[in-house]
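Below is one structure; the comments refer to it alone.
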Amino acid sequence: VRLVQSGGGSVQAGGSLTLSCVLSEYTYKTYLLAWIRQAPGKEREVVAAINFDGITNYRDSVRGRFTISKENVESTLNLYLQMNSLKTEDTAIYYCAAGPPMRALGGRWSRPTDFGHWGQGTQVTVSS
């Protein structure tokens, strides 16, 4: 299993960015995918997650501004994060991640340690 990220970069507050993640050889039929970020000096936090059946969950601080989505393209699974109305506090390294479905986690979706496969990370910097 490989997770390869693209996107990210620098933007002014109020701007938008899109993150992408390609999951190769990901043959699990049930799963939970997520975008997880880590700001300097802070713990990793799950900002958005999407279950294999399409159920989405968002951290309160990004709900209404970020949209997580996925699509199957031939033999690969693609994950996206559309980030709008970005704020300086969104500055962090963002990782895509994959793990077991929510039903295997007792409905949980926001614990970073539940995800066993991670992308390489990409920097998002929002300036004022």
Side-chain angles (χ1 to χ4, degrees):
V1 177
R2 288 202 315 152
L3 282 70
V4 179
Q5 299 178 221
S6 61
S10 298
V11 67
Q12 288 195 317
S16 299
L17 285 172
T18 302
L19 305 181
S20 301
C21 178
V22 177
L23 294 85
S24 302
E25 302 171 5
Y26 198 79
T27 59
Y28 297 95
K29 294 186 178 178
T30 60
Y31 49 80
L32 179 66
L33 307 179
W35 288 99
I36 300 170
R37 69 185 180 189
Q38 185 167 26
K42 295 189 176 181
E43 300 280 328
R44 288 183 176 181
E45 59 185 23
V46 179
V47 296
I50 184 166
N51 208 40
F52 70 98
D53 55 7
I55 294 175
T56 57
N57 286 283
Y58 295 93
R59 189 173 191 82
D60 286 346
S61 61
V62 306
R63 188 174 293 113
R65 299 189 296 121
F66 290 12
T67 303
I68 188 171
S69 62
K70 63 178 178 67
E71 69 172 343
N72 288 86
V73 179
E74 296 184 348
S75 61
T76 64
L77 179 58
N78 296 330
L79 179 68
Y80 306 101
L81 185 69
Q82 176 64 43
M83 304 184 290
N84 298 326
S85 303
L86 282 160
K87 303 177 180 180
T88 55
E89 52 263 43
D90 295 318
T91 295
I93 298 174
Y94 284 71
Y95 301 88
C96 60
M102 287 172 56
R103 67 187 182 203
L105 301 172
R108 194 170 62 231
W109 60 270
S110 61
R111 185 177 296 180
T113 54
D114 285 334
F115 297 89
H117 301 284
W118 291 68
Q120 79 275 20
T122 187
Q123 178 70 45
V124 171
T125 302
V126 185
S127 58
S128 59

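Numbering of residues begins at 1 and proceeds along the displayed sequence.
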Listed pairs under 3.5 Å, donor-acceptor, residues 54-73 side chains, sequence neighbours left out:
from  : atom 1 : to    : atom 2 : distance (Å)
Tyr58 : OH     : Ile68 : N      : 2.9
Arg59 : NE     : Glu45 : OE1    : 3.2
Arg59 : NH2    : Glu45 : OE1    : 3.1
Asp60 : OD1    : Arg63 : NH1    : 2.6
Asp60 : OD1    : Arg63 : NH2    : 3.3
Arg63 : NH2    : Tyr58 : O      : 2.6
Arg65 : NE     : Ser61 : O      : 3.4
Arg65 : NH1    : Ser85 : O      : 2.9
Arg65 : NH1    : Asp90 : OD2    : 2.7
Arg65 : NH2    : Ser61 : O      : 2.8
Arg65 : NH2    : Asp90 : OD1    : 3.1
Arg65 : NH2    : Asp90 : OD2    : 3.4
Lys70 : NZ     : Phe52 : O      : 3.3
Glu71 : OE2    : Tyr80 : OH     : 2.7

For residues 108-125, run the donor-acceptor check on the side chains, cut-off 3.5 Å, and write out each pair with its distance to 0.1 Å, sequence neighbours left out.
from   : atom 1 : to     : atom 2 : distance (Å)
Arg108 : NE     : Asp114 : OD2    : 2.6
Arg108 : NH2    : Asp114 : OD1    : 2.9
Arg108 : NH2    : Asp114 : OD2    : 3.1
Trp118 : NE1    : Phe115 : O      : 2.8
Gln120 : OE1    : Gln5   : N      : 2.9
Gln120 : NE2    : Gln5   : O      : 3.0
Thr122 : OG1    : Gly7   : O      : 3.0
Gln123 : NE2    : Ala92  : O      : 3.4
Gln123 : NE2    : Thr125 : OG1    : 3.3

Please list every donor-acceptor pair under 3.5 Å in which a side-chain atom of residues 15-22 meets a protein atom from a residue at least two apart or in another chain.
from  : atom 1 : to    : atom 2 : distance (Å)
Ser16 : OG     : Asn84 : OD1    : 2.9
Thr18 : OG1    : Gln82 : OE1    : 2.5

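Residues Val126 and Met83 fall within the same hydrophobic cluster, defined by Ile, Leu, Val, Met, Phe, Trp and Tyr side chains chained together at heavy-atom separations under 4.5 Å. With hydrophobic clusters built from ILVMFWY side chains whose heavy atoms lie under 4.5 angstrom apart, Ile36 shares a cluster with Leu105.
Remark: Thr27 OG1 to Leu77 CG distance equals 11.0 Å, nearest 0.5 Å. In this structure, Leu23 CG and Leu79 CG are separated by 6.5 Å, a value rounded to the nearest 0.5 Å.
For residues 25-36, no pair satisfies salt bridge (charged side-chain N to carboxylate O under 4.0 Å, His left out), with sequence neighbours left out. Residues in residues 6-43 take part in these ring pair (Phe, Tyr, Trp, His ring centres under 6.0 Å) pairs, two or more places apart or across chains: Tyr26-Tyr28, Tyr26-Tyr31.
Within a 6.0 Å sphere centred on CD of Glu43, other residues, nucleotides and ligands contribute 12 heavy atoms or fewer.
Considering every non-hydrogen atom in both Ser128 and Ala13, the closest pair reads CA-CB, 4.4 Å.
Here the side chains of Arg103 and Thr30 are in contact, with some heavy-atom distance below 4.5 Å.
When the side chain to side chain donor-acceptor pair (under 3.5 Å) test is applied to Tyr95, no partner is found at least two apart in sequence or on another chain.
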